[in-house]
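Input: a single structure, listed below in structure tokens.
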Amino acid sequence: MLEMFPYPSGRIHIGHTRNYTMGDVIARYKLSKGFNVLHPMGFDAFGMPAENAAIEKGVHPGTWTYENIRVMREQMKPMGFSIDWSREFATCDVEYYAHQQALFLDMLAAGLVYRKAAIVNWDPVDMTVLANEQVIDGRGWRSGAEVEQRELVQWFFRISDMAEELLAAIDGLDKWPEKVRAMQRNWIGRSEGLQFRFETLGAPPGHETLEVYTTRPDTLFGASFAAIAADHPLARALEDDPAVAAFTAECRRMGTSEEARETAEKKGFDTGIRVRHPFDPSWELPVYIANFILMDYGTGAIFGCPAHDQRDLDFARAYGLPVVPVVSPAGEDFSVDAEAYVGPGRLINSRFLDGMEVAQAIREVIRRAEDGGWGTGVVRYRLRDWGISRQRYWGCPIPVVHCPACGVVPEKKENLPVRLPEDVSFDKPGNPLDHHPTWSRTTCPRCGSHARRETDTMDTFVDSSWYFARFTSPHAPTPTDPDEAAYWMNVDQYIGGVEHAILHLLYSRFFARAMHRTGHLPETAIEPFDALFTQGMVVHETYATRTPEGRTLWHLPGDVVRDEAGARLAEGTLVEIGSPIKMSKSKKNVVDPEPIIARFGADTARWFVMSDSPPERDVEWTAAGAEAAHRHLGRVWRLARDIASETAAGARSADDPGQRPGEEALALLKAAHRAIRDVTEGIEGFAFNKAVAGLYAFTNILARAPAGPETAAARRFAARTLAQLMQPMTPHLAEEAWAMLGGEGLCVSAPWPEADPHMLAEESVTLPVQVNGKRRAEIVVPRGADRAAVEAAVLADAGVQRALGGGSPRKVIVVPDRIVNLVL
RNA sequence: GCCCGAGUGGCGGAAUUGGUAGACGCAGCGGACUCAAAAUCCGCCGCCGCAAGGUAUGCCGGUUCGAGUCCGGCCUCGGGCACCA
């Protein structure tokens, strides 16, 4: 049982409480079912917020992080989670990242890691690399300077080599939500297409051909231009022209994110170069440099068919290029206006392809390209290799050395760990490891001469890509212990937010495979998470004011007075209200669970966050109802106490199984078995809200059951069952009630109750009777009554007769034990 | 922009997956107990209507004896988009 471990941002918020309570409900339920449950906890402790704190408050990232961990651990402990704290670690512990460095070296040796140039967001004022979230409207968040794209040589994991395997294996993840599987499939983005060469006219030497990739070779006769990325070698070759250089520079000022690229206005620069259409040497297309072409995908060059691609259409409209439809839904001529047609159809305006279906035309073009030797059908993936280099201090150092003589040399394993230096300063922009006077000075592990350490640290996604494996043997001298990993892996149930649907979960799947290849995990663990549940997020409005300089100041919900009219700070300043979003420390829209725990206790907090909202759905936080939840738990406690004291005296006779239960006792026993069924199904199906609803209903029935010797045994059984069923959610209350009621040992250790099918069966059933689809009457019939009997009973019913108004039905639809519909 | 979700009373939500829409809870209202209050217990509670009945699951249309559920077209909100974690 594993919940995604938290980033130690400072204090836990109610979203953590909800998430970890869900995990604990499952863990405790599984314990009661007799499983050996491993339920660990740790901290995803490297990352930017610690460095930001260092810059803003002058506190060392390590000090800040470990203090946050201490606070959060102390906040979690009173919640009564069944966590094995002896396995706790933080990813910033040297003991952890030392093993991560060893894994890196093994993967480097296995050819899973390499270096290449890649583009980053560069802040020219702060002289630093920016994360996408630090780029706001194309400017650095601190400096306000226009962000540039810059190329740096960085470290990469070869995840794209496993694209096919990662894609195929998604089919086997049948206990993952379909939406996550769909998102991963789309992310990997397998496509089949044609890669081919255009012959160029007027291009500089070395660029006699232009290689492009397309998934729609069928639309080749609708082509009206070719476009290349600003970083395409051909674009680079043209940069001697100041106009080209100006345009590519402008392209590089865009953010590196896909979103920035896709939402930016489509812009291009006509290079004056032309390419020949492969099927018609007399047909020439202009070559543009365009801001929406990615160098990382395909060949960094495309041909544009505006009629059948929205981006191409936008571009063509902006530059007055022809728009020729070549696929028609009805097979006849049609025109494209503002919206490209991407649906199925037959080819038109396409010479030898006319009349073919899209798929057929694609095959035909590929065949002709291959026959003609100017192109090949290829399979490509959208998935890019995983760049892990970060030019930051607070991360796992990449254990390699740059030697003037030997080049890039892996550090020797016996020299691990490469520790982060303690004495760093954040007063200069850039990576503190670069500024450190001595840290990067070292000797080459191969030749012994003076060398320089790699100052890049690893992406924190690396840390979280194997922590689950480390939990199986957190103190082992190697990254994993084979026996322990074989015993505990895989994670039977993983719980976390949908926001991790792609990156974290895909990287972990890759990493588990990489760990298997390097001998750190058994083959059975290459899919590390058997079942996944993605819980919804706890969201809250944000509250903001602005400083005189225009900077946004965020305010905690606790500091804001909110009513229908709006929100104000205590001293009266009007506050801007932002729509509810995921609780995050940076926006300060966090709610601390501590006041609720202090006032009502951990059980109430647990019970309350499990009530009402379905776990997979986002909830807007409100504390309204916490008090009522607490009153309910008090009611359960009193009920247990009263039943315990009343039946204690006659305990023997009360527990005597030989007595046949009376009618009232039987009704109560049936209710208990229904509750067992409902709660068990609720927990198994991650519908904790329904389990809670079932417990409320059962408690109501138990509280109203008449007292007396006839019902004493049934009430005692019911009360004990209630304690057991509540145990996963409210363990403290459950244990106390269990003890009062004379339960043996711990409630959590008692075997989970099982519903008796005989006690669930009802003899009669109420059938709604509809006339023309509207409900007009109800009849009670024996369960399983046959159609004829039901029909007779229905027609004999006075209410039905009234609704029919003397007429007789044309048709009678009887759904056994469900409904009857009379059609007039 | 692309991909993935979600929308049901005043509120959180339920509905055996095509079969009584609103389980359960919150809030509200009424009552009992109490000198009083709190706590507790009992009852009512989608909307319109005295009632019969009508109407109602984001919007528009469709399939069906029957649609919250299936199909088509929208709207709104949320998540992800590769350096936030």
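Using a 4.0 Å cutoff on non-hydrogen atoms, the parts of residues 695-703 of chain A near RNA chain B are Tyr696(A), Asn700(A), ordered by number.
Tyr494(A) is linked by a side chain to side chain donor-acceptor pair (under 3.5 Å) to Tyr467(A), His504(A), counting only residues two or more places apart in sequence or in another chain. Listed by chain and number, the residues in a salt bridge (charged side-chain N to carboxylate O under 4.0 Å, His left out) with Glu133(A) amount to none (sequence neighbours excluded). Arg311(A) pairs by the side chain to side chain donor-acceptor pair (under 3.5 Å) definition with Glu262(A), not counting sequence neighbours. Partners of Thr21(A) by side-chain contact (heavy atoms from CB on, under 4.5 Å), not counting sequence neighbours, listed by chain and number: Thr17(A), Val25(A), Met79(A), Phe81(A), Arg606(A), Val609(A), Met610(A). Pro580(A) meets the side-chain contact (heavy atoms from CB on, under 4.5 Å) test with Val539(A), Glu541(A), Glu620(A); sequence neighbours excluded. Residues passing the salt bridge (charged side-chain N to carboxylate O under 4.0 Å, His left out) test with Arg150(A): none are found, sequence neighbours excluded. Ser191(A) pairs by the side chain to side chain donor-acceptor pair (under 3.5 Å) definition with Tyr213(A), Tyr297(A), not counting sequence neighbours. The side-chain contact (heavy atoms from CB on, under 4.5 Å) test applied to His632(A) returns Trp607(A), Arg635(A), Val636(A), Tyr696(A), Thr699(A), not counting sequence neighbours. Taking Arg115(A) as the reference, Val153(A), Trp155(A), His402(A), Val408(A), Glu454(A) meet the side-chain contact (heavy atoms from CB on, under 4.5 Å) condition, with sequence neighbours excluded.
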Any chance you could encode RNA chain B as dot-bracket? Rule is Watson-Crick or G-U wobble with both distances under 3.5 Å; [ ] for pairs crossing earlier ones, | for another strand.
(((((((..(((......[....))).(((((.......))))).(((....)))..(((((..]....))))))))))))....
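Running 5' to 3' along RNA chain B, contacts with non-hydrogen atoms of chain A at under 4.0 Å begin and end at G1(B) to A85(B).
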